Amino acid sequence: MVSFYRLLVVYPWTQRFFDNFGNLSSPSAILGNPKVKAHGKKVLTSFGDAIKNMDNLKTTFAKLSELHCDKLHVDPENFRLLGNVLVCVLARNFGKEFTPQVQAAFQKVVAGVATALAHKYH
Amino acid sequence: MLSAQERAQITQVWDLIAGHEAQFGAELLLRLFTVYPSTKGYFPHLSACQDAAQLLSHGQRMLAAVGAAVQHMDNLRAALSPLADLHALVLRVDPANFPLLIQCFQVVLASHLQDEFTVEMQAAWDKFLTGVAVVLTEKYR
């Protein structure tokens, strides 16, 4: 959830997909927004599914990919941005334990998710 | 254009890095090479042996340049002109690599500052470093 909030603040143009979310006018407004919280939870749950299905990302995210292309019209670049923000949040939480090797592993996973989410685009 | 608040955020973070340019720079390079192996091609001597002393030395140089950029936030073009020439004529690092370096920079900051690394700091530094990258690649063609 924290990652989704950070995405909307650090890269404000990503807010373009959430016009119906209400008040996104400041970092504190975004942080307190219940729709942001709810959506952030949904998104992070999906990343959890990714960790459980690391060898099968394209299949795991097939339906979500279709949804993001056909209904939501989200530029796949946004998936890469969110993945990078998630890695930063992990670095913040784990500090020194977030070694270059650990970062590399997580960047690979988030890149895999981004690719899987873009896979069904046409 | 940087707001007054963004400038303050940038300076605040730099004050935490100043004096430790070599250490931060070396970690930055190590992360870059580990996470994005294709970047090693731009640092052939450095990345082949990953000698600690060389990483510290080059890291120091890179972060010193970032420090200069912080000192001249309002006039990056003039301050970074020699570096822009270097990147355009000699180094010719593909512009697509700068976001990779910036991501690693954010991770270095986040892992060292942890709770102190606020979303405002992350936003300000992303904007600032992106601006630096634009200036460094501006003379490419």
Side-chain angles (χ1 to χ4, degrees), chain A residues 1-15 24-33 36-37 40 44 75-115, chain B residues 1-3 5-6 9-10 13 16 20 23-40 46-47 50 52 55 59 96-131:
Chain A
M1 149 51 204
V2 166
S3 304
F4 186 58
Y5 153 70
R6 285 210 169 217
L7 177 77
L8 296 174
V9 174
V10 177
Y11 307 108
W13 57 91
T14 58
Q15 294 170 24
L24 299 176
S25 58
S26 70
S28 49
I30 298 171
L31 186 61
N33 187 308
V36 170
K37 218 173 271 192
L44 265 298
D75 177 353
E77 179 58 24
N78 290 281
F79 310 143
R80 285 175 262 285
L81 286 178
L82 178 60
N84 278 344
V85 172
L86 177 57
V87 167
C88 287
V89 170
L90 291 172
R92 193 172 175 271
N93 288 349
F94 290 107
K96 286 189 170 61
E97 284 172 40
F98 203 68
T99 63
Q101 288 72 20
V102 174
Q103 180 189 352
F106 274 100
Q107 298 273 187
K108 261 194 180 154
V109 174
V110 299
V113 171
T115 305
Chain B
M1 291 264 53
L2 293 165
S3 72
Q5 195 198 10
E6 283 163 344
Q9 300 282 3
I10 291 162
V13 171
L16 298 164
H20 311 285
Q23 179 204 343
F24 276 85
E27 185 186 326
L28 173 64
L29 287 167
L30 198 55
R31 286 188 184 275
L32 184 68
F33 298 154
T34 307
V35 180
Y36 306 108
S38 59
T39 58
K40 291 194 282 186
L46 202 57
S47 54
Q50 287 190 15
L55 278 174
N97 290 283
F98 288 87
L100 307 182
L101 184 65
I102 293 171
Q103 170 67 2
C104 290
F105 204 111
Q106 295 282 21
V107 171
V108 170
L109 292 178
S111 65
H112 281 266
L113 302 178
Q114 291 199 262
D115 286 340
E116 285 175 45
F117 193 52
T118 63
V119 68
E120 287 86 358
M121 280 178 181
Q122 184 175 352
W125 268 85
D126 206 278
K127 190 172 170 183
F128 170 62
L129 290 174
T130 304

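In the text below, chain A, chain B and the rest are named by the order of the sequence lines, each starting its count at 1. In this text, all values refer to a predicted model and were calculated from it rather than measured experimentally.
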**Q.** Heavy-atom contact with chain B under 4.5 Å, split by part of A:F98
**A.** both
Q) If we only count heavy atoms from C-beta on, is the B:Q114 to A:N93 side-chain gap below 4.5 Å? A) no
Q | Gap between atom CG of B:L113 and atom CZ of A:R92 - 0.5 Å precision | A | 9.5 Å
Q | Residues in residues 97-106 of chain B that sit under 4.5 Å from chain A, counting heavy atoms only | A | B:Q103, B:C104, B:Q106
Q.
Tell me which of these, B:F117, B:W125, B:Y36, has more heavy-atom pairs under 4.5 Å with chain A than the rest.
A. B:F117
Q: Examine whether an atom of B:T130 lies under 4.5 Å from a heavy atom of chain A, and if so say whether it belongs to the side chain, the backbone or both; otherwise answer neither.
A: neither
Q: Could you tell me which non-hydrogen atom of B:A110 sits nearest to which non-hydrogen atom of A:C88, and how far apart they are?
A: CB-O, 3.4 Å
Q: For atom CZ of A:F79, decide whether the heavy atoms of other residues, nucleotides or ligands shown that lie under 6.0 angstrom number more than 12.
A: yes
Q: Pick one of side chain, backbone, both or neither for B:E120, based on which atoms fall under 4.5 Å of a heavy atom in chain A.
A: side chain
Q: Sequence neighbours left out, what passes side-chain contact (heavy atoms from CB on, under 4.5 Å) with A:E77? Give chain and number order.
A: A:D75, A:R80, A:L81
Q: Check whether more than 12 heavy atoms from other residues, nucleotides or ligands sit under 6.0 Å from atom NZ of A:K37, and answer yes or no.
A: no
Q | A:F106, part contacting chain B, at a heavy-atom distance under 4.5 Å | A | neither
Q | For the student: nearest non-hydrogen atoms of B:A123 and A:V9, plus distance | A | CB-O, 4.3 Å
(Q) Rounded to the nearest 0.5 Å, what separates atom CD in A:Q103 from atom CG in B:L30? (A) 10.0 Å
Q. Do you know which of A:R6, A:K108, A:K96 has the most heavy-atom pairs with chain B at a distance under 4.5 angstrom?
A. A:R6
